[in-house]
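The structure appears right after this line, and notes come after that.
What's counted below: heavy atoms across the whole structure, side chains too, no hydrogens, waters or symmetry copies. Since we're looking at a predicted model, the values are computed, not measured.
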Amino acid sequence: MTDCPCNLNGLKVLVTRPEGQAEALRTAILDCGGEVERLPLLAIEPDVLETNREKLEKAFQFNDLVFVSPNAVRHSLDFLRPGESSRIIAIGEATAALLDDQALRVDLVPNHSTSEALLGDDRLGEMRGRKVLIIRGHGGRELLADGFRALGADVEYAEVYRRTMPPPPSPELLATWRERVDAMIVTSEEMMKNLVELTDFDQNVLQTPLIVISERLQNSAETLGFQHVLRAGNPYPADLLVALCQLVVRRN
């Protein structure tokens, strides 16, 4: 049973995580008295090119293996060969939990699920001369690699999955949006951009309270035209529930 910070009192929440990755959040919202509408804003497809497979098979040659998401874990495990001395870094508790399930020792999890938090973590230590393999999806921000390189590390990527645009929402959902959605949760910039593209900047969507997980996403949301943006501390269900409770208080 979820430890609820409040009774959501029937709040209708749009959960936008990809298929197979939304159940924990959905269950937490339902346990706390909310209702859930599903609209996946990303589709995840495994995509491990030969060069990336070879890097994973030779992961023992790297000092640091950085997993940026649960998907990075899911789609690399079949090929991964870490060394006994490799330091394993997981961005986010869900990423760390998946690694732990595979009996892979996680040495460092930053306090917040962002690249910025990892780069600012004192536990990272001296990086000069270290070989770092960042395991991620195709594309994405260069902030983490640039940050490690600025600290003197040698950085490579192993890209193991691809994000694609999901199907658009049903016309019925858009036609009844105000009755079916009181709040939305979006946890990445790509998902947010897909939302406005899939709904064609619908004003009902832009006027719906939106919960994001970082200052960067909040700024992006406001630039895209979302009118009521709240920021949760992390993408974990407990933090997102706290933000939803703030909305309940505002409604009352």
*asked:* Tell me whether Ser76 contacts the main-chain N or O of Ala72 through its side chain, where contact means a donor paired with an acceptor under 3.5 Å.
replied: yes

*Check Phe201 against Leu206 and note the closest heavy-atom contact, atom names and distance.*
O-CD1, 3.7 Å

_Contact check, side chains of Leu98 and Leu104, non-hydrogen atoms, under 4.5 Å_ = no

*Got a second to check how far Arg180's CZ is from Thr208's OG1, nearest 0.5 Å?*
12.5 Å

*Take Thr187 and Val212, measure what side chain to side chain contact (heavy atoms under 4.5 Å, CB included) needs, and give me the verdict at the end.*
CA-CA 6 Å; Thr187 54; Val212 297; over 6 Å; no

_Between Asp182 and Arg251, does any side-chain N to carboxylate O distance fall below 4.0 Å?_
yes

*Would you say Ile185 and Leu198 are hydrophobically clustered, going by side-chain heavy atoms of ILVMFWY under 4.5 Å?*
yes

_Joint cluster assignment, Leu133 & Leu143, ILVMFWY side-chain distance < 4.5 Å_ = yes

*How would you list all residue pairs meeting disulfide (SG to SG under 2.5 Å) that involve residues 197-252, not counting sequence neighbours?*
Cys6-Cys245

*Return the minimal non-hydrogen interatomic distance between Ala90 and Pro110, and the atom names on each side.*
O-CD, 3.2 Å

_Qualifying residue, where the test is side chain to side chain contact (heavy atoms under 4.5 Å, CB included) with Asn63 and the options are Met127, Arg130, Arg87_ = Arg130

*Once you round to the nearest 0.5 Å, how far does CG of Leu42 lie from CG of Leu195?*
11.0 Å

*Does any non-hydrogen side-chain atom of Arg149 lie less than 4.5 Å from one of Asp146?*
yes

_Lys/Arg N to Asp/Glu carboxylate O, Arg216 vs Glu189, below 4.0 Å_ = yes

_Do Leu244 and Ile29 have side chains that approach each other closer than 4.5 Å (heavy atoms only, starting at C-beta)?_
yes

*Do Glu35 side-chain atoms and Leu30 backbone N/O form a donor-acceptor pair below 3.5 Å?*
no

*Side-chain touch Phe148/Leu118, heavy atoms, less than 4.5 angstrom*: yes

*Under 4.5 Å between any side-chain heavy atoms of Ile91 and Thr114, yes or no?*
no

*Close side-chain approach of His228 to Glu222, heavy-atom, < 4.5 Å*: no

*From Arg123 CZ over to Leu108 CG, what is the distance, rounded to the nearest 0.5 angstrom?*
5.0 Å

*With rounding to the nearest 0.5 Å, note down the distance linking CD1 in Ile44 to OG1 in Thr164.*
7.0 Å

*With rounding to the nearest 0.5 Å, note down the distance linking CD1 in Ile135 to CZ in Phe67.*
3.5 Å

*Please answer: with hydrophobic residues joined when any side-chain heavy atoms are less than 4.5 Å apart, are Met184 and Val242 in the same cluster?*
no

*Should we say atom NZ of Lys12 is surrounded by more than 12 heavy atoms from elsewhere, each under 6.0 Å from it?*
yes

*asked:* Does Val160 form a side chain to side chain contact (heavy atoms under 4.5 Å, CB included) with Leu56? I'd like the steps, not just the answer.
replied: CA-CA 10 Å; Val160 297; Leu56 293 168; 3.7 Å; yes

*Can you check whether Ile134 reaches Val155 side chain to side chain, under 4.5 Å on heavy atoms?*
yes

*Nearest 0.5 Å, what's the CG-CD1 distance between Asp239 and Ile211?*
11.0 Å

*Between the side chain of Asp64 and the main-chain N/O of Val132, is any donor-acceptor distance below 3.5 Å?*
no

*Check ion pair Arg53-Glu57 (N to O, under 4.0 angstrom)*: yes

*side chain to side chain contact (heavy atoms under 4.5 Å, CB included) between Tyr161 and Ser69, worked out*: CA-CA 11 Å; Tyr161 62 93; Ser69 68; 2.9 Å; yes

_Are more than 12 heavy atoms, taken from residues, nucleotides or ligands other than Lys58, located less than 6.0 Å from that residue's NZ atom?_
no

*Does Asn204 use its side chain to pair, donor to acceptor, with the backbone of Leu174 at less than 3.5 Å?*
no

*asked:* I'd like to know if the side chain of Arg17 reaches the main chain of Leu25, judged simply by a donor and an acceptor atom lying under 3.5 Å from each other, with no hydrogens or angles considered.
replied: no

*Would you kindly say whether Glu23 and Thr27 are connected by a side-chain donor-acceptor distance under 3.5 Å?*
yes

*State, to 0.1 Å, how close Leu240 and Pro235 come at their nearest heavy-atom pair, and which atoms those are.*
CD1-O, 3.4 Å

_If hydrophobic clusters are built from ILVMFWY residues whose side chains come within less than 4.5 Å, do Leu173 and Met192 share one?_
yes

*For the pair Arg163 (side chain) and His138 (backbone), establish whether a donor and an acceptor sit closer than 3.5 Å, ignoring hydrogens and angles.*
yes

_Using the rule given for side chain to side chain contact (heavy atoms under 4.5 Å, CB included), can you reason through Trp177 versus Leu14, listing the C-alpha separation, both sets of side-chain angles and the distance that settles it, and then say yes or no?_
CA-CA 10 Å; Trp177 186 274; Leu14 187 78; 3.6 Å; yes

*Distance-minimising heavy-atom pair for Val106 and Val109*: CG1-CG2, 3.6 Å

*Given the rule in the salt bridge (charged side-chain N to carboxylate O under 4.0 Å, His left out) test, do Arg141 and Glu190 qualify, once you have shown the distances and angles that lead to the verdict?*
CA-CA 11 Å; Arg141 295 196 298 161; Glu190 187 171 2; over 6 Å; no

_Looking only at the side chains, is there a donor atom on one of Gln21 and Asn71 sitting less than 3.5 Å from an acceptor on the other?_
yes

_Within 6.0 Å of CD in Glu215, more than 12 heavy atoms from elsewhere_ = no

_Any donor-acceptor pair under 3.5 Å from Arg26 side chain to Glu37 backbone_ = no

*Which pair of non-hydrogen atoms, one from Ala59 and one from Leu80, has the smallest distance, and what is that distance?*
CB-CD1, 3.8 Å

_When you measure from the side chain of Asp200 to the backbone of Asp202, do you find a donor-acceptor pair of N or O atoms at a distance under 3.5 Å?_
no

*Report whether Met165 and Val205 are members of the same hydrophobic cluster (ILVMFWY, side-chain heavy atoms less than 4.5 Å apart, transitive linking).*
yes

*Centre of Tyr157's six-membered ring, under 6.0 Å away, within 45 degrees of the axis: is that where NZ or CZ of Arg136 sits?*
yes

*Looking only at heavy atoms, what is the nearest atom pair of Leu144 and Ser115, with distance?*
CB-OG, 3.9 Å

*asked:* Treating Asn52 as the side-chain partner and Glu159 as the backbone partner, does any N or O pair qualify as donor plus acceptor under 3.5 Å?
replied: yes

*Ser113 side chain to Asn234 main-chain N or O, any donor-acceptor pair under 3.5 Å?*
no

